[in-house]
Amino acid sequence: MNRIVLVRRGEDAEVHEPAGTVRVPAADLPAFVAEREAGPDPVRWVWDDTTRWYPALLASGVRIARCTDLRLCHAILRRSPSVDQGLLAAADTAGWDALQPVTAVDPGLFPLEDPADRLDPPAEHERQQAALAESAERGRLALLLAAESSGALVAAEMTHTGLPWRADVHDRLLAELLGPRPPAGQRPAVLERLAGELRTALGAPGLNPDSPADLLRALRGAGLPVPDTRSWTLEQIDHPAMPPLLEYRKLSRLLTANGWAWLDAWVREGRFRSWFVPGGVVTGRWASNGGGALSMPVQVRPAAIADEGWRFVVADVAQLEPRVLAGMSRDTAMAAAARGTDLYQGIVAAGVVATRAEAKVGMLGALYGATRGESGRMMPRLTQRYPHAIGLVEEAARAGERGEVVRTLLGRGSPVPGAAWSDGPADLGEAPDDEDGGSRQDRDRQRRSWGRFTRNFVVQGTAAEWALCWLADLRNRLWELGEGELHERPHLVFFLHDEVVVHTPGHLASEVGEAVRQAAASAGRLLFGEFPVDFPLDVDVVRSWADAG
DNA sequence: TCATAGGGCGCC
DNA sequence: AAAGGGCGCCCTATGA
């Protein structure tokens, strides 16, 4: 593998190769990269941050096979309990710690002033390689760093190609539900009518239904002693104001989150473009920036329509996190329950609980740390039948309560906890009841809360690693299926934790479906070897995203 | 006018 | 006795 480090120097790129260092003008860089990519030696491009390099290459029609994203790898190594932090220490370290990804830059230009310019990528790369080589977990960590970097490429490519989006279909959908688009600053007709009905029903002519405080006063004035104004609370109430209020809530949410303003801001030339942010969540999950890409309501998915002659291949993993938990804890009983397509049904079939609903709520409680209610009642039975799986999350919770760092399967470390531990462990010493530190009860509550976080961290984070491996392998397979530029081949257009959407020429759809399944099997082997835990997929070939599932 | 906090709700 | 993870983003209200 030929590693080539790219460094920005004003308007040039400095190219560090084993054979020597050369300068390439920014304008010539795409051609240079394309030539090396096409050459006989596989290349791993090493750069400070994918969001600072790759969009411009993609805009020039250049796709690369692999990279090392020093910013993302730095973040992982800095938190990893199995890395000697001394090997990463340098004058640059704080700068790497603080480096943020960029969005919305003009891909044709380097930004004028960038904190990344004060960093030394070749030196950082050497430190990271040394830290990796000395780690007792170097195999798993190396896999994680490669997968994280590959995810950075996927994220940039998804922004580049965009998710096909039909503004005309979206507009029609809005008009059917809300009435025609109103002038700026006015409510759509349907919302205005519902607001009127609500004011009449509550006897509150001046009510602004968008103000929770105003609404709470009006509800109480009408003799309805509600604790808050959440829809779930309001649904419990039998009162003529509730139907219009709940309908108002639902439609108002659609208008503000994914209405005409959203269309204006985020949809251009038939594509929805926002930014995915790999590593944006401490657990390793992705975040997103712009347009709420990670919470696209089912309600507007009918507007996501594949191009003429193309299809979407939509795939998701059923019950990813319990399956990951079975694999990472080597719990053969839970893996057996996961053998079929429905893990919850498998738990019922094993005689652990009576119904699928109980199995689901019990498992979710184990992952999130619920101990009371229906979920808590399932825990003893789950613990008895699945001691390794439940034991793993319980131990993660206890470690978090003690203030310790926990890690995912591939070695991503949890953050160190904050102020609640400054006075020592929960079960030791005095707990001074001063104003600054809060009461003993407050700190115990915080510790349990942190335990729920670390409990979930190990599973959510390892699931994110499975998904990264799935994504990286799928990206490679998709590239091999087509010809031409990225947007002419089957390509990823959406990813959300355990779900992918691929945009593909129709005649390749079944091959894409097979690639998605093979990539999932490959991810399972990468993380869990020959341990027998399945990751069955639901795969649909559809014209509209809304038709999947 | 701007930044921030909290309510609320969409996704997993 | 109490005990439900992770996000982004809209709105209003508040205070500088």
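Side chains included, hydrogens not; waters and symmetry mates left out as well; all remaining heavy atoms used. Bear in mind the structure is a predicted one, so any value in this text is a computation, not a measurement. Throughout, protein chains are lettered first and strands after them, A, B, ... in sequence-line order, and every chain is numbered starting at 1.
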For atom C1', what is the distance between C:dG4 and B:dC12, given to the nearest Å?
15 Å
Could you check how far CZ of A:Phe494 sits from P of B:dG10, rounded to whole Å?
16 Å
With both distances under 3.5 Å as the test, what is the Watson-Crick or G-U wobble partner of B:dG8?
C:dC9
Give a yes or no on whether the ring-centroid distance for A:Trp470 and A:Phe495 is below 6.0 angstrom.
no
A:Ser449 or A:Ser295: which one's nearest nucleotide on DNA chain C is closer to the 5' end?
A:Ser449
Rounded to the nearest Å, what distance is computed from the CH2 atom of residue A:Trp262 to the P atom of nucleotide B:dC11?
14 Å
Base, sugar-phosphate or nothing for A:Ala287? Non-hydrogen atoms, less than 4.0 Å.
sugar-phosphate
If you check the A:Arg230 side chain, which of B:dC12, B:dG8, C:dA13 turns out closest?
B:dG8
Closest of C:dG8, C:dC11, B:dC12 to the A:Ser288 side chain is C:dG8
I need the single residue from A:Phe272, A:Trp545, A:Trp266, A:Trp262 that forms a ring pair (Phe, Tyr, Trp, His ring centres under 6.0 Å) with A:His170. Which is it?
A:Trp262
From C-beta outward on A:Gln460, which listed nucleotide comes closest to its side chain: B:dC12, C:dG5, C:dC10?
C:dG5
Are A:Asp210 and A:Arg187 ion-paired here, with the side-chain N under 4.0 Å from a carboxylate O?
yes
Measuring from the side chain of A:Arg253 (C-beta onward, heavy atoms only), which nucleotide among C:dG5, C:dG8, C:dT12 has the closest atom?
C:dG8
Closest to the A:Phe453 side chain: B:dC9, C:dG6, C:dC11?
C:dG6
Is there a Watson-Crick or G-U wobble partner for B:dT1 with both distances under 3.5 Å, and which nucleotide is it?
C:dA16
Within less than 4.0 Å of OP1 or OP2 of C:dA3, is there a side-chain N or O belonging to A:Arg448?
no
What is the ring orientation for A:Phe453 with A:Phe457, classed by angle as parallel under 30°, tilted 30 to 60°, or perpendicular over 60°?
perpendicular
Is A:Arg249 close enough to B:dC9 that one of its side-chain N or O atoms is under 4.0 Å from OP1 or OP2 there?
yes
Is A:Glu197 salt-bridged to A:Arg193, cutoff N-O under 4.0 Å?
yes
For A:Leu367, answer base if it contacts any base atom (sugar-phosphate contacts may also be present), sugar-phosphate if it contacts only those atoms, and nothing otherwise; contact means non-hydrogen atoms under 4.0 Å.
nothing
Would you classify A:Asn258 as touching base, sugar-phosphate or nothing, given that sugar-phosphate means primed atoms plus P, OP1 and OP2, and contacts are heavy atoms under 4.0 Å?
nothing
Is the distance from OP1 or OP2 of B:dG8 to the nearest side-chain N or O of A:Thr229 less than 4.0 Å?
yes
Would you please classify the geometry between the A:Phe312 ring and the A:His503 ring as parallel, tilted or perpendicular, with 30° and 60° separating the classes?
tilted
Without decimals, in angstroms, what is the distance between A:Tyr248 OH and B:dC9 C1'?
15 Å
Using the six-membered ring for Trp and the full ring for Phe, Tyr or His, decide whether A:Tyr368 stacks on the six-membered base ring of C:dG5 (centres under 5.5 Å, planes under 30°).
yes
Whole angstrom is fine here: how far is it from CG in A:Asp214 over to C1' in B:dG7?
14 Å
Just checking A:Gly365: base, sugar-phosphate only, or nothing, at a heavy-atom cut-off of under 4.0 Å?
nothing
Contact class for A:Thr283 vs. all strands (heavy atom < 4.0 Å): base, sugar-phosphate, or nothing?
nothing
Whole angstrom is fine here: how far is it from CH2 in A:Trp232 over to P in C:dG4?
14 Å
Which part of the nucleic acid, if any, lies within reach of A:Gly291 when heavy atoms closer than 4.0 Å are counted: base, sugar-phosphate only, or nothing?
sugar-phosphate
So, under a plain 3.5 Å distance rule, would you say the side chain of A:Arg285 forms a donor-acceptor pair with the base of C:dC7?
no
Without decimals, in angstroms, what is the distance between A:His497 NE2 and C:dG6 P?
13 Å
Describe the nucleic acid contact of A:Asp228 in one word from base, sugar-phosphate, nothing, applying a heavy-atom distance below 4.0 Å.
sugar-phosphate
Using a strict cut-off of less than 4.0 Å between a Lys/Arg side-chain nitrogen and an Asp/Glu carboxylate oxygen, indicate whether A:Arg475 and A:Glu157 qualify as a salt bridge.
yes
Give one of base, sugar-phosphate or nothing for A:Val298, where a contact means two heavy atoms less than 4.0 Å apart.
sugar-phosphate
Sugar-phosphate only, base, or nothing, as touched by A:Ser231 at under 4.0 Å among non-hydrogen atoms
sugar-phosphate
Just the rounded figure in Å: distance from P of B:dG8 to CG of A:Leu246.
13 Å
Ignoring backbone atoms, test whether A:Ser211 places a side-chain nitrogen or oxygen under 4.0 Å from the OP1 or OP2 oxygen of C:dA13.
yes
Nearest whole angstrom, please: distance from the P of B:dG7 to the CZ of A:Arg217.
15 Å
From B:dC11, B:dG8, C:dT12, pick the nucleotide closest to the side chain of A:Asn208?
C:dT12
